[in-house]
Amino acid sequence: AEMARRRILEGVLRRGAEAWGYQEVATPLFEELELFTERSGEEIVRGLYDFTDKGGRRLCLRPELTAPTIRMVLGEMSRAPKPLRLYYLGPCYRYEEPQKNRYREFTQFGVEVIGADPREAEAEILGLAGAMLEAAGVPSGKEGGARIRLGHVGFLRHCLKGLPEERRARVFKALDKKQFKLAGEEWKPALAFEAARSFADLEKTLGPNPHTGEIRALREALEPYGVPVEEDPSIVRGLDYYTGPVFEVHVDRLGGQSQVCGGGTYTLRVEGREVTSTGFAFGFDRLLEAARLPPVPSLLVAVVSTPEVRREALRVAGRLRAHVPVLVDINHRPLKAQLGHAHGRGATHAVVLGPREAASGRVTLRDMGGKSQEEMDLEECIRRLGSPRRDSGR
Ligand code: HAM
């Protein structure tokens, strides 16, 4: 049942991305260590699963998919028409203390937009994230749903301009963990970030900031998408590569690890080239925990038969498989035990074949729930079970 839910959510997210014209990409599970040590930030670097291969190369399991995607784009897709709209789904690895909803192996579903107007790209991916949250049953801004919070690392960096690098890093780190008092010890005005509900508010106390224009432009670009987004200037994100607007999505009822998605605009230097783009990644496992997915009606048919007509039963199973998933007996069980197994596996229907049915070219279709049954020809049986094959989530 757990795997079935994963597949359903996977389908929801893939269909969401594809509906907006995003194309799937895949990158290797391991990468050169350097790809992540340059711009990812202390927390990510500390959590790397790194190793040396037999050729002496320093490698690691990927902790995220943004840097690998950009590396791939620069290597293989540099001539593709811009903007590139890409999505990915795959496992990531971080050596962190495991807790509820924090794992050393977890899955991300993310998107990256490369080569677009930054404000429009940010607005689009926020719109897309909103659509995905809605489809997953945790709509933004609704009771029990998600909250999308918008920050801007450029805004904060500007505020901290006068501070030495080390103290700046400490302020960032404390704000990321919502430790406002600690941040305030390094830089007094940080205390104001706790209550700030908008950048305009903060500007009043901290003085003019060159980035408020970008935030206003983003809010304007975002308006047509109709996705509720709150401003939270204390959102700074744990990764060092962000440069512009950033955002996080929280589902409060998840408790401790409530962040189901994070993203924003970043600048990455890969193999000597610098790329500014924007994207986000859902923590797939966390989103799954929060998701309210519609139950999908799933059919499972067991073709059961007596030994003398087993060959005929296998042919019937072959015909049915074009339309529905089918189980057959491979344990030489008696008919009754085959029905018992079908029941145990949660089969919704059994197609029963005995000598009498086989001789007349007919089958008995049995509803495993209601226990009713009826004899009919195979064509009718296929029609009743419903074709074409039901959507299995993809
Ligand atoms: P991130 O915030 O580090 O951002 O990770 C994205 C999401 O992955 C988080 O919001 C969280 O839901 C999930 N996540 C992170 N660590 C774990 C863990 N140990 N266990 C379970 N879930 C976890 C990034 O990785 C950026 N690459 C996102 C991005 C894409 N920014 C721009 N484009």
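Remember, it's a predicted structure, so these values are computed and weren't measured experimentally. Hydrogens, waters and symmetry mates play no part in the numbers below; they use all other heavy atoms, side chains included. Sequential numbering from 1 along the given sequence is applied to the chain's residues.
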What verdict does the salt bridge (charged side-chain N to carboxylate O under 4.0 Å, His left out) test give for E231 and R219, after you've listed the backbone C-alpha separation in whole Å, the side-chain angles of each residue and the deciding distance to 0.1 Å?
CA-CA 10 Å; E231 285 182 22; R219 296 223 69 123; 3.1 Å; yes
If you round to the nearest 0.5 Å, how far is [atom2] of [Y] from [atom1] of [X]?
X	Y	atom1	atom2	result
L314	I330	CG	CD1	10.5 Å
S198	I215	OG	CD1	9.5 Å
L206	H158	CG	NE2	9.5 Å
R253	E143	CZ	CD	10.0 Å
L320	L299	CG	CG	11.0 Å

Give a yes-or-no answer on whether the side chains of [X] and [Y] include a donor-acceptor pair shorter than 3.5 Å.
X	Y	value
T364	E357	yes
T52	R58	yes
E122	T265	yes
S234	E194	no

Might you confirm whether atom [atom1] of [X] has over 12 heavy atoms from other residues, nucleotides or ligands at distances under 6.0 Å?
X	atom1	answer
E308	CD	yes
Y225	OH	yes
E34	CD	no
E18	CD	yes

With a cut-off of under 6.0 Å to the ring centre and 45° to the axis, is R104 in cation-pi contact with Y95?
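That pair qualifies as a cation-pi contact.
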Run the side-chain hydrogen bond (donor to acceptor under 3.5 Å, both in side chains) check on E112 and Y266 step by step: do they pass?
CA-CA 10 Å; E112 311 293 341; Y266 54 88; 2.7 Å; yes
Check whether [X] reaches the backbone of [Y] with its side chain - one donor and one acceptor, N or O, closer than 3.5 Å.
X	Y	result
R5	A291	yes
R273	L74	yes
K178	A174	no

Quick one, F247 and V229 - any side-chain contact, counting heavy atoms below 4.5 Å?
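Contact flag for F247/V229 side chains = no.
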Answer yes or no: is there an ion pair linking R384 with E374, defined by an N-O contact shorter than 4.0 Å?
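A salt bridge is present here (some side-chain N lies under 4.0 Å from a carboxylate O).
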Excluding sequence neighbours, so at least two apart, what forms side-chain contact (heavy atoms from CB on, under 4.5 Å) with H341?
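Listed in chain order: R333, R345.
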Any chance the rings of Y49 and F51 have centres within less than 6.0 Å?
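Aromatic pair excluded; centres sit 6.0 Å or further apart.
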Answer yes if the ring centres of Y87 and F109 are under 6.0 angstrom apart, and no otherwise.
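Yes, the ring of Y87 comes within the 6.0 Å limit of the ring of F109, centre to centre.
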